[in-house]
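Below is one structure, written out as structure tokens; the observations come after it.
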Amino acid sequence: MDCLEFRRRLAAEPRGREADFIAHRDSCHAGCTEAWWRAQRLEKRIESALSIETPSNLAERIVLAQATRTRVRRRRAWFGLAAAASLAIAVGVGTFGWQRQASADPLPALGVAHLHHEAFALAMTRPVSAADLRENFAARGLTLRAMPADAVFVRDCDIGPYRTVHLVFRIGDEPVTALYFLDRKTARVRDFKHAGWQGREVPIARGTLLLLGADAHAFAQVQRSMDDALRAAPQQALGEL
Amino acid sequence: MLNVSARQHQFDMLVRAHASDLYRFAYWLCGEDARAQDLVQETFLRAWRALDSLRDGAAAKPWLLTILRREHARAFERKRLDLGELDEGIADDASGIDPERAGSDAQVRAAILQLEPKYREPLLMQVLGGFSCEEIAAELHCKPGAVMTQLFRARQKLRALLEGDEGMNQKEASHGLP
């Protein structure tokens, strides 16, 4: 390799490691070694300048967008079938009133906001251990009667004014978020929609279970699992905590 | 075909491994934070739909960058920003950077943004994307020699902008040498 070829290659691929390129750098006495060092300094400046800061939570927002987009596509397919039946229209009109009422309730809004805040949890796929489940519920003063099956995420979270345990279940290919609000009583089971999410409120023991998902088909399974785990869950004595 | 959990896990790993690199590439391609974020998000959504076609995990980054470039060409090519507008935003974007580096970085950023897209894009593909000249040539549908010339000129122009034409070694400049 001659000096001209070396300099051309240097300007095109300054980080090149080809043997003939490196050999010329190390053996040339016509200034190619110095040119190589100048090129490395320029390259370092370019790399530094291009390394701008990444927006915070970018990865979490992308995972949430993927989960939401998948959910919307599936819901559209479901609506396509439903539209074939005129009965669906009547049901839709009939439920309009309570959906509006539900949207004003603070729990769905708080739950959906928290779900967005911890969107990464929706992408979890590995089952959490019984020890993790016990530990996070114990942090809220609760002892589980049974281990909820299919949980892939658990964390004790504060949501608004409420102390909660945040779980995600993976039922088939869909994540279902379960937020257990301690000391927040609900009179009855009710379904709602909020910000595109299907939801359900369930009174269990001394709190309210809030379920959020793409659709409600997996809610019954999660509801049973949480009910088994929490129904009449004894509050731990303070000495145990 | 991957089962859903494995697929979701693979996607999650891809996002966490490459979102930052893709954002930087998108930012320097389109020159605007909000557009870059949209571009990265759309890229990953397309990647999710085509995830089964990714056979080799080591090829994930160039695969994602290819999707991003195509998405950019499709969505934003008609909205290329005026470079004069870009300079102001970039010059102020020194957050999170060592103060000693900030002045130098701002200078280089301004110079990079003065490069014509035909020089800037292969430079970004090489420096941020890790593409070889052959890979860039395949992406841009041109010959490797042409890519080498573009990269050569991109750095030559950057050097000239940063050092000033009068500061360049006249002999080297006349031969196009660094």
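A note on names: the letters A, B, ... follow the listed sequences, proteins ahead of strands, and every chain is numbered from 1.
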Residue pair A:Arg61 / B:Gln37, side-chain donor-acceptor N/O under 3.5 Å: yes
Using heavy-atom distances under 4.5 Å, tell me whether A:Leu42 contacts chain B through its side chain, its backbone, both, or neither. side chain
For the interface with chain B, which of A:Pro175, A:Pro14, A:Ala59, A:Pro55 has the highest count of heavy-atom pairs at distances below 4.5 Å? A:Pro55
Distance in Å, B:Leu158 CG paired with A:Ile46 CD1, rounded so as to fall on 0.5 Å steps: 5.0 Å
Show, in sequence, the C-alpha distance, side-chain angles and deciding distance for B:Gln107 and A:Arg45, and conclude whether the side chain to side chain donor-acceptor pair (under 3.5 Å) test is met. CA-CA 10 Å; B:Gln107 194 183 4; A:Arg45 291 182 71 186; 3.2 Å; yes
Return the CD1 to CZ distance between A:Ile62 and B:Arg16, rounded to the nearest 0.5 Å. 9.5 Å
So, for A:Leu58 and B:Ala19, which heavy atoms are closest and what is the spacing to 0.1 Å? CD2-O, 3.8 Å
Do B:Gln126 and A:Arg15 pass the side chain to side chain contact (heavy atoms under 4.5 Å, CB included) test, and can you show the C-alpha distance, the side-chain angles, and the key distance before you say yes or no? CA-CA 10 Å; B:Gln126 185 184 58; A:Arg15 298 295 201 203; over 6 Å; no
Hey, mind stepping through A:Glu43 and B:Val127 against side chain to side chain contact (heavy atoms under 4.5 Å, CB included) and telling me if it holds? CA-CA 9 Å; A:Glu43 208 61 13; B:Val127 178; 3.6 Å; yes
Which residues pass the side chain to side chain contact (heavy atoms under 4.5 Å, CB included) test with A:Arg224, not counting sequence neighbours? A:Ala220, A:Gln221
Once you round to the nearest 0.5 Å, how far does CD1 of A:Ile52 lie from OH of B:Tyr27? 5.5 Å
Is B:Asp21 close to chain A through its backbone or its side chain, or both, or neither, when contacts mean heavy atoms under 4.5 Å? neither
Under 3.5 Å, is there a donor-acceptor pair between the side chain of B:Arg155 and the main chain of A:Ala12? yes
Interchain contact, B:Phe25 with chain A, by part (heavy-atom threshold 4.5 Å): neither
Using a 4.5 Å heavy-atom cutoff, which residues in residues 142-151 of chain B come close to chain A? B:Met148, B:Leu151
